[in-house]
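Accompanying notes for the structure given below.
Chain identifiers are assigned alphabetically (A, B, ...) following the order of the sequence lines, protein sequences preceding nucleic acid strands; residue numbering begins at 1 within each chain. Computed from a predicted model, the values in this text were never measured in an experiment.
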Amino acid sequence: MLDLKLIRENPEKVKQGIANKNEKDRVDEILELDKHRRELIAQSEELKSKRNQVSAEIPKLKKAGQDVTEILAEMKKVSDSITELDVKLREVENQLSEILMYIPNLPHETVPVGKSSEENVEVRQWLPEGFSFEWENGKPLDHIELGKKLNILDFERGAKVSGSGFPVYKGKGATLERALINFMLDYHLQHHGYSEIFPPFLVNRDSMRGTGQLPKMEEDMYHIEKDGLYPIPTAEVPITNLHREEILNEKDLPVKYVGYSACFRREAGSYGKESKGFLRVHQFNKVEMVKFVKPETSYNELELLVKDAEDILQALKIPYRILMLCTGDLSFAAAKCYDIETWSPAENRWLEASSCSNFEDFQARRANIRFRNEQTKKLEFVHTLNGSGLATSRLMVSILENYQTPEGKVIVPPVLQKYTGFNIIG
RNA sequence: GGAGAGGUGGCAGAGUGGUUGAAUGCGGCGGUCUUGAAAACCGUUGAGGAUGCAAGUCCUCCGGGGGUUCGAAUCCCUCCCUCUCCGCCA
């Protein structure tokens, strides 16, 4: 949510930011409602002030033995007027906040302006020693072929049990997945100073609103109507909402959490070539990092967040590149975002495995997460950030494909071997 | 699923129609005392909004919503949540 004052005072800047994000601009509508709202407030408050004044007089007059019948009758009228004004005011405020909930966050000034993912900017690449984009021994098998051949992935049975997009990991594949999750969690705990959260996988509507998934992305969410709960699309939702409606201590900042969760996404209307195998699924596993920080540090924290995710890939020796998303490709709530993409030799392209974003105070405002500034003694909104550290499904594609041998076996990345208890699959 | 209790400031916890935005305690902040600290004592300490250059003035807020009343933390209705006990259960 944007600050209404910001919109009121810098409407042109806000319009530009929204336009750069390819979103519909309803700023004029907001300004109109805001003006009306303040008129109603002024009228209502004037009457309330009068009512308060007279109400304080009444007991005194009564004590003095005066007749107050006439005053009571007049105050009844005043009260009725107040009710009338407040009803109008509430309507206006409801409309206003409804529109505000659909206004995206503004891109940071360092974000390149662009229409779509085509205009994202590659920041850097990291390639393990001896890596080549040219595959040396014929054609690499893709993760689906490997999964089938090694009997570690089963997309068909997943489709039978649940539906398409619900992959099953079997045998050493299941162990490898679990090893990967544990490795990533341990790494962030031991080397990056996070503390671990194991969050609920179902959350309520307020939480979904707090991080910005609702109301705009309603169609992309699973929803358990009977209980009013939503399966989480990312651990960002429960972990960020841990501190909803809370005031944090400045000395505790930055608060850094890392947590594993399964992630559930409807991916409505996204069937097609992008959806084979692991490339787009309804359920996947992810280790998520979430930070609550002081505003002035948030862009530095964003760089550190990316670095934390990169460390995992370097330890796994998976080739990757970092993209800075352009304004048009930024998500609804993000002010700045880096994607990390890992290399798939079989697809012969990069696959998104992580997204690291700074939301500035956009989520904090929605979720009302504040801290007390020790110097000014004032409450301020924290800045929130989160990043995948990382999502396993796409990463698994890169691991299986990059670590395959000419015989179609898969070597377990050395850092994972103590977690798996075996060092080769097949 | 059944029964009961309860939701009040950063926290704990009073308050049951009219200077109660709210006693008291803890915590926080400032001070006195002290070489320093602790203790003790004194003072201070909620949020949001409207308006204003500012100082200030005003309004709202005691789980959410609605109602009664000139006036509601306090009375009524309704919804939500938390806790305890019983039942069921991994």
So what's [N] paired with, Watson-Crick or G-U wobble, going by both distances under 3.5 Å?
N	result
B:A90	none
B:C75	B:G67
B:A5	B:U82
B:A40	B:U32
B:G25	B:C11
B:G46	B:C61
B:U16	none

5'-most contact on RNA chain B: A:Ile247 or A:Thr83, nearest heavy atom basis?
A:Ile247
Nearest-nucleotide wise, let me know which of A:Ala73 and A:Arg37 is further upstream toward the 5' end of RNA chain B.
A:Arg37
Take atom [atom1] of [X] and atom [atom2] of [N], then tell me their distance rounded to the nearest Å.
X	N	atom1	atom2	value
A:Arg370	B:A47	CZ	C1'	7 Å
A:Ile41	B:G49	CD1	P	10 Å
A:Asp86	B:A50	CG	C1'	13 Å
A:Asn249	B:C29	CG	P	11 Å
A:Arg38	B:A50	CZ	C1'	9 Å
A:Phe371	B:A47	CZ	P	14 Å
A:Ile369	B:G10	CD1	C1'	17 Å
A:Glu245	B:C11	CD	P	12 Å

Cation over ring face, A:Lys172 and A:Phe422, 6.0 Å, 45°:
yes
Roughly how far apart, to the nearest Å, are [N] and [M] at atom [atom1]?
N	M	atom1	answer
B:C26	B:U16	P	24 Å
B:A47	B:G9	P	13 Å
B:U34	B:A50	C1'	49 Å
B:G65	B:A54	P	31 Å
B:G10	B:G67	C1'	34 Å
B:C88	B:A3	C1'	16 Å
B:A40	B:G25	P	13 Å
B:A73	B:U8	P	16 Å

OP1, OP2 of B:U69 versus side-chain N and O of A:Ser79: anything below 4.0 Å?
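So the side chain of A:Ser79 is outside the cut-off, no N or O lying under 4.0 Å from OP1 or OP2 of B:U69.
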Under 4.0 Å from OP1 or OP2 of B:G10: is there any side-chain N or O of A:Arg372 that close?
no
Regarding A:Arg365, tell me which of base, sugar-phosphate or nothing describes its non-hydrogen contacts under 4.0 Å with the strands shown.
nothing
Under 4.0 Å, heavy atoms only, any strand: does A:Ile71 hit a base, just the sugar-phosphate, or nothing?
nothing
Please determine, for the side chain of A:Met75, which listed nucleotide (B:U51, B:C70, B:G48) has the closest atom?
B:C70
In Å, rounded to the nearest 0.5 Å, how long is the span from CD of A:Gln363 to OG1 of A:Thr384?
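Rounded to the nearest 0.5 Å, the CD-OG1 separation comes to 3.5 Å.
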Is [X] salt-bridged to [Y], cutoff N-O under 4.0 Å?
X	Y	result
A:Glu156	A:Lys148	yes
A:Asp28	A:Lys15	yes
A:Arg370	A:Glu380	no

What string of B, S and - do you get for nucleotides 59-65 of chain B, 5' to 3', when a contact is any protein heavy atom under 4.0 Å?
BS----S
Judged by atom type as modelled, is there a donor-acceptor pair below 3.5 Å linking the side chain of A:Arg366 to the main-chain atoms of A:Arg209?
yes
Do the side chain of A:Thr211 and the main chain of A:Ser207 share a donor and acceptor less than 3.5 angstrom apart?
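Yes, A:Thr211 side chain to A:Ser207 backbone: donor-acceptor pair under 3.5 Å.
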A:Lys409 atom NZ, neighbour heavy-atom count above 12 within 6.0 Å:
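It does not: A:Lys409 NZ has 12 such atoms or fewer within range.
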Contact check, side chains of A:Arg51 and A:Ile82, non-hydrogen atoms, under 4.5 Å
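A side-chain contact exists here, since the closest heavy-atom pair is under 4.5 Å.
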